[in-house]
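Structure, as structure tokens:
Sequential numbering from 1 along the given sequence is applied to the chain's residues.
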Amino acid sequence: MAIRYSIDLKLTSEQFIDLLKRSTLAERRPVDDEPRIREMLAHADVLVTAHWVDDPVVVDPETPGQLIGVSRAITDHAYCTYLSDLAVDVEYQGQGIGRELIRLTHDVAGHQTRLILLSAPAAKTYYPHVGMQPHNSCWMIPPSDES
């Protein structure tokens, strides 16, 4: 049994929603709006996935194993990379999967970019653990459908 990482493997919105729910990230994502989730996947510049495979010798891109993690990012490949979603199934957390998803995302986007993310309140202590630095001046305009 092993974890297999893939870059730019196509996910369905249903697969992504299921993982978001298993990771608790669904609390902050529009999982009840499948067309919006589909657009989120379609317009990502970098998508890295982690799958649990029972037999690491069998390499079949059509059946990569159980989806247990995903990193979804938007980047210009020159200056900045926004890591929009980092989700790991709660059953598999604590095994370095998130750290590897972050590393691979930055590899694909380019290490000359600044990797940026907004942390969920419960995950604020995780990011310094994987080498990320806090930034105290993030500003945003929330989407029109948020109260």
With heavy-atom distances below 4.5 Å as the criterion, would you say the side chains of Ile37 and Pro30 are in contact? yes
Donor-acceptor pair, Gln93 side chain versus Val88 backbone, under 3.5 Å? yes
Hey, quick one: are Tyr92 and Leu104 part of the same hydrophobic cluster, counting side-chain heavy atoms closer than 4.5 Å, chains of contacts allowed? yes
Would you please name every residue forming a salt bridge (Lys or Arg N to Asp or Glu O under 4.0 Å) with Asp85, sequence neighbours left out? Arg29, Arg72
Can you tell me if Glu91 has over 12 outside heavy atoms packed within less than 6.0 Å of its CD? no
Is there side-chain contact between Gln95 and Ile3, with heavy atoms separated by less than 4.5 Å? yes
From His135 NE2 over to Ser137 OG, what is the distance, rounded to the nearest 0.5 angstrom? 4.0 Å
State yes or no: do Leu20 and Ile97 share one hydrophobic cluster built from I, L, V, M, F, W and Y residues joined by side-chain heavy-atom distances below 4.5 Å, directly or via other members? no
Could you check if a side-chain atom of Leu101 sits within less than 4.5 angstrom of a side-chain atom of Leu86, using non-hydrogen atoms only? yes
Start with the C-alpha gap between His43 and Ile74, add the side-chain angles, then the distance that decides, and say whether side chain to side chain contact (heavy atoms under 4.5 Å, CB included) holds. CA-CA 8 Å; His43 297 290; Ile74 300 164; over 6 Å; no
By side-chain hydrogen bond (donor to acceptor under 3.5 Å, both in side chains), which residues pair with Thr49, not counting sequence neighbours? none
Is the backbone N or O of Cys80 less than 3.5 Å from a side-chain atom of Thr75, with the two atoms forming a donor-acceptor pair by type? yes
Same apolar cluster (I L V M F W Y, side chains within < 4.5 Å links), Val31/Leu41: yes
Report yes or no: does Gln15 contribute a side-chain atom to a donor-acceptor pair with the main-chain N or O of Thr12 at less than 3.5 Å? yes
Any side-chain heavy atom of Gln66 sitting closer than 4.5 Å to one from Val53? no
Heavy-atom closest pair, residues Gly96 and Tyr5: O-OH, 4.3 Å
Evaluate side chain to side chain contact (heavy atoms under 4.5 Å, CB included) for Ile102 paired with Arg99, printing each intermediate quantity in order. CA-CA 5 Å; Ile102 292 169; Arg99 179 189 304 263; 5.8 Å; no
Would you indicate whether the side-chain heavy atoms of Arg22 and Val90 approach each other to under 4.5 Å? no
If only atom types and distance count, is the side chain of Thr113 paired as donor or acceptor with the main-chain N or O of Leu115 below 3.5 Å? no
Kindly say whether Gly98 contributes a backbone atom to a donor-acceptor pair with the side chain of Arg103 at under 3.5 angstrom? no
When rounded to the nearest 0.5 Å, the distance separating CG of Leu67 from CG of Asp89 is 8.5 Å
Test item: Glu14 and Ile17 side chains (from C-beta on) under 4.5 Å apart, heavy atoms: no
Ser13: which of Glu39, Arg36, Arg38, Glu34 passes side chain to side chain donor-acceptor pair (under 3.5 Å): Glu34
Evaluate the side-chain proximity of Leu47 to Ile7: yes if any heavy-atom separation is below 4.5 Å, no if none is. no
Tell me whether Leu117 is reachable from Val108 by hopping between hydrophobic residues (I, L, V, M, F, W, Y) whose side-chain heavy atoms are closer than 4.5 Å. yes
What's the spacing between Ser6 OG and Leu11 CG if we round to 0.5 Å? 9.5 Å
Which residue pairs pass the side-chain hydrogen bond (donor to acceptor under 3.5 Å, both in side chains) test with at least one member in residues 114-127, sequence neighbours excluded? none
Please determine whether side chain to side chain contact (heavy atoms under 4.5 Å, CB included) holds for the pair Phe16 and Met40, giving the CA-CA distance in whole Å, both sets of side-chain angles, and the decisive distance to 0.1 Å. CA-CA 10 Å; Phe16 189 45; Met40 289 166 59; 4.3 Å; yes
Flag yes if Val130 and Val46 sit in one hydrophobic cluster, no otherwise; membership is Ile, Leu, Val, Met, Phe, Trp, Tyr, and two members link when side-chain heavy atoms are under 4.5 Å apart. yes
Quick one, Leu83 and Ile116 - any side-chain contact, counting heavy atoms below 4.5 Å? no
